[in-house]
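Quick caveat, the model's predicted, so the values are computed rather than measured.
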Amino acid sequence: MNLRHSLLAALVAVLWGLNFVAIDFGLHANGREVPPLLFVAMRFLLVVFPWIFFIRPPDVSWKAIIGVGVFMSAGQFGLLYLAMALGMPAGLASLVLQAQVLLTVLLAAGFLRERPSRSQLAGVVLGVAGLAVVAVGRSAVAPVLPLIIVLGAALSWAAGNVIARQAKAASGLGLVVWSGAVVPLPLAGLSLLVDGPDVVFGTLADLQPATILSALYTAIFASLVGYGIWNRLLASYPSSAVVPFTLLVPVVGMSAAWLTLGEVPTPAELAGGLLLLGGVATAVLAGRGRQVLLGQRRGAGLAPVLVPGLGAVLRTGEADDDGRLAAEAGIRAGARAPDAR
């Protein structure tokens with residue numbers, strides 16, 4: 001990538017890293033706890049409206065749209081916000097959520113028969129070891145339940161990645177906006193059941209400025225601006241050139257949490273985090289080298305999986321010419337409109 005686009009990719013990593021601190025501020029505004037499921041519903045209300053009135057539905061089945069909305073949006077962010085409301089540090093959450101790359105590799109192998117390479121499997125093993133170290137370090141200073149919930153969020157995101165991969169929508173923007181419409185009403189209703197009408201309506205009647213600003217940041221900057229830039233880069237460059245920038249997300253997230261929230265990771269959490277990031281880097285960058293090598297040898301590379309929000313490259317076996325041309329056509333079609341989430 002040229003310098004300008006590299007800086008844009010770095011900007012996206014910064015926006016996504018700061019997203020976790022923004023969520024934390026919104027959840028704990030002025031000492032008042034905002035119901036996490038209600039907060040997610042607020043975020044996606046801003047993501048979906050008014051854009052849904054101007055964007056056509058994606059050319060995929062409604063089953064795929066609902067599946068992406070349930071897993072990639074409602075499941076991922078519902079669990080993430082819940083974990084942070086229960087005490088999961090923002091910086092550590094930004095790190096542990098990256099496990100979704102490794103989980104996507106495993107789910108794609110099981111459900112899509114996309115064979116991971118040896119390097120990717122090694123990355124999964126390294127990442128799991130890092131998560132184990134983080135869990136042990138976390139359990140020594142605080143309850144481990146929030147960490148487990150974040151892993152559930154990563155698993156939900158990975159499941160959404162697999163559904164999106166299988167759907168192969170030409171318009172990523174349409175899929176994100178229309179699948180996002182699945183989120184607000186169900187999560188708001190679930191918040192009414194879990195938190196009670198008094199808490200929900202009391203929160204809405206007395207929204208704190210920090211909560212409003214947080215919702216606007218997560219919807220506009222993290223979702224619309226961040227994913228808009230990201231998917232334009234994926235439409236212009238190989239995913240292997242763009243994906244490594246996501247390794248900056250937990251670096252930014254943990255640094256921002258340290259500076260603004262005073263969060264300092266324990267030595268065990270830091271060591272485990274480095275192992276986890278090493279595993280993610282191994283899984284992601286392994287696809288890059290193999291894709292280039294096979295492209296040089298046969299003129300046809302591996303079919304890349306452009307994971308929404310991360311763009312992880314998974315080995316899918318050798319693609320025939322028709323499949324390769326179809327994938328290229330899909331990427332070109334996706335370049336006509338920015339993505340959002």
Side-chain angles (χ1 to χ4, degrees), residues 13 16-17 19-20 23-24 71-72 75-111 116-162 243-244 246-255 257-258 263-287 305 307 309-314:
W16 287 346
N19 184 52
F20 293 87
I23 293 171
D24 190 272
F71 289 100
M72 190 178 294
Q76 178 197 170
F77 289 105
L79 291 172
L80 174 64
Y81 280 46
L82 176 61
M84 294 181 66
L86 292 175
M88 183 69 174
L92 192 59
S94 71
L95 172 69
V96 174
L97 196 62
Q98 299 307 309
Q100 67 93 7
V101 178
L102 311 177
L103 293 171
T104 299
V105 171
L106 297 178
L107 289 183
F111 291 96
S117 66
R118 292 180 180 178
S119 296
Q120 287 173 322
L121 289 177
V124 171
V125 173
L126 186 61
V128 170
L131 286 172
V133 174
V134 170
V136 171
R138 185 66 185 161
S139 63
V141 296
V144 75
L145 178 60
L147 185 144
I148 295 174
I149 295 176
V150 174
L151 285 176
L155 179 61
S156 186
W157 188 357
N161 288 339
V162 172
V243 169
T246 61
L247 296 175
L248 296 174
V249 173
V251 175
V252 174
M254 298 186 79
S255 299
W258 172 52
E263 294 180 2
V264 180
T266 65
E269 289 173 348
L270 191 58
L274 291 175
L275 281 175
L276 172 61
L277 288 182
V280 172
T282 301
V284 169
L285 299 179
V305 176
V307 176
L310 196 64
V313 180
L314 306 179

Requested in this report: Begin with the C-alpha distance, continue with both residues' side-chain angles, and end with the deciding distance and a verdict on side chain to side chain contact (heavy atoms under 4.5 Å, CB included) for Val134 and Leu92.
Outcome: CA-CA 9 Å; Val134 170; Leu92 192 59; 4.1 Å; yes

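- Taking the side chain as every heavy atom from C-beta outward, Asn161 and Met72 approach each other to under 4.5 Å.
- In this structure, the side chains of Arg138 and Pro89 come closer than 4.5 Å at one or more pairs of heavy atoms.
- Of the possible polar contacts, one joining the Glu263 side chain to the Gly91 backbone as a donor-acceptor pair under 3.5 Å is found.
- Here the shortest heavy-atom pairing between Pro146 and Leu86 reads CG-O, 3.9 Å.
- Atom OG of Ser119 and atom CG of Leu126 lie 12.0 Å apart (nearest 0.5 Å).
- Pairing each heavy atom of Leu102 with each of Val128, the nearest pair is CD1-N, 4.5 Å.
- Atom-to-atom distance recorded for Leu248:CG and Trp16:CH2 is 11.5 Å, nearest 0.5 angstrom.
- The two atoms that bring Gly137 and Ala268 nearest to each other are CA-CB, 3.5 Å, heavy atoms only.
- Note that CD of Gln100 is 10.5 Å distant from CG of Leu107, once rounded to the nearest 0.5 Å.
- Leu277 is listed as a side-chain neighbour of Pro250, based on a closest heavy-atom distance under 4.5 Å.
- For the residue pair Val162 and Ala108, the shortest heavy atom distance occurs at CG2-N, 3.9 Å.
- Closest non-hydrogen pair, Ala135 versus Val144, comes out as O-CG2, 4.1 Å.
- Listed for the Ser255 side chain is no donor-acceptor partner under 3.5 Å among the backbone atoms of Val252.
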Requested in this report: Could you check Met88 against Ile149 for side chain to side chain contact (heavy atoms under 4.5 Å, CB included), going step by step and ending with a plain yes or no?
Outcome: CA-CA 9 Å; Met88 183 69 174; Ile149 295 176; over 6 Å; no

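- Ala93 and Val150 get closest at one heavy-atom pair: O-CG1, 4.2 Å.
- With values rounded to the nearest 0.5 angstrom, Gln98 atom CD is found 6.0 Å from Thr246 atom OG1.
- For the atom pair Thr104 OG1 and Leu155 CG, the distance stands at 9.0 Å (nearest 0.5 Å).
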**Report entry** Chi angles and distances behind the side chain to side chain contact (heavy atoms under 4.5 Å, CB included) call for Met254, Leu95
**Finding:** CA-CA 8 Å; Met254 298 186 79; Leu95 172 69; 4.2 Å; yes

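- The structure places CG of Leu147 at 7.5 Å from CG of Leu131, a figure rounded to the nearest 0.5 Å.
- When each of Leu80, Val101, Leu97 is tested with Trp157 by the rule side chain to side chain contact (heavy atoms under 4.5 Å, CB included), just one qualifies, namely Leu97.
- The main-chain N or O of Gly152 is never found under 3.5 Å from a side-chain atom of Ser156 such that the two would form a donor-acceptor pair.
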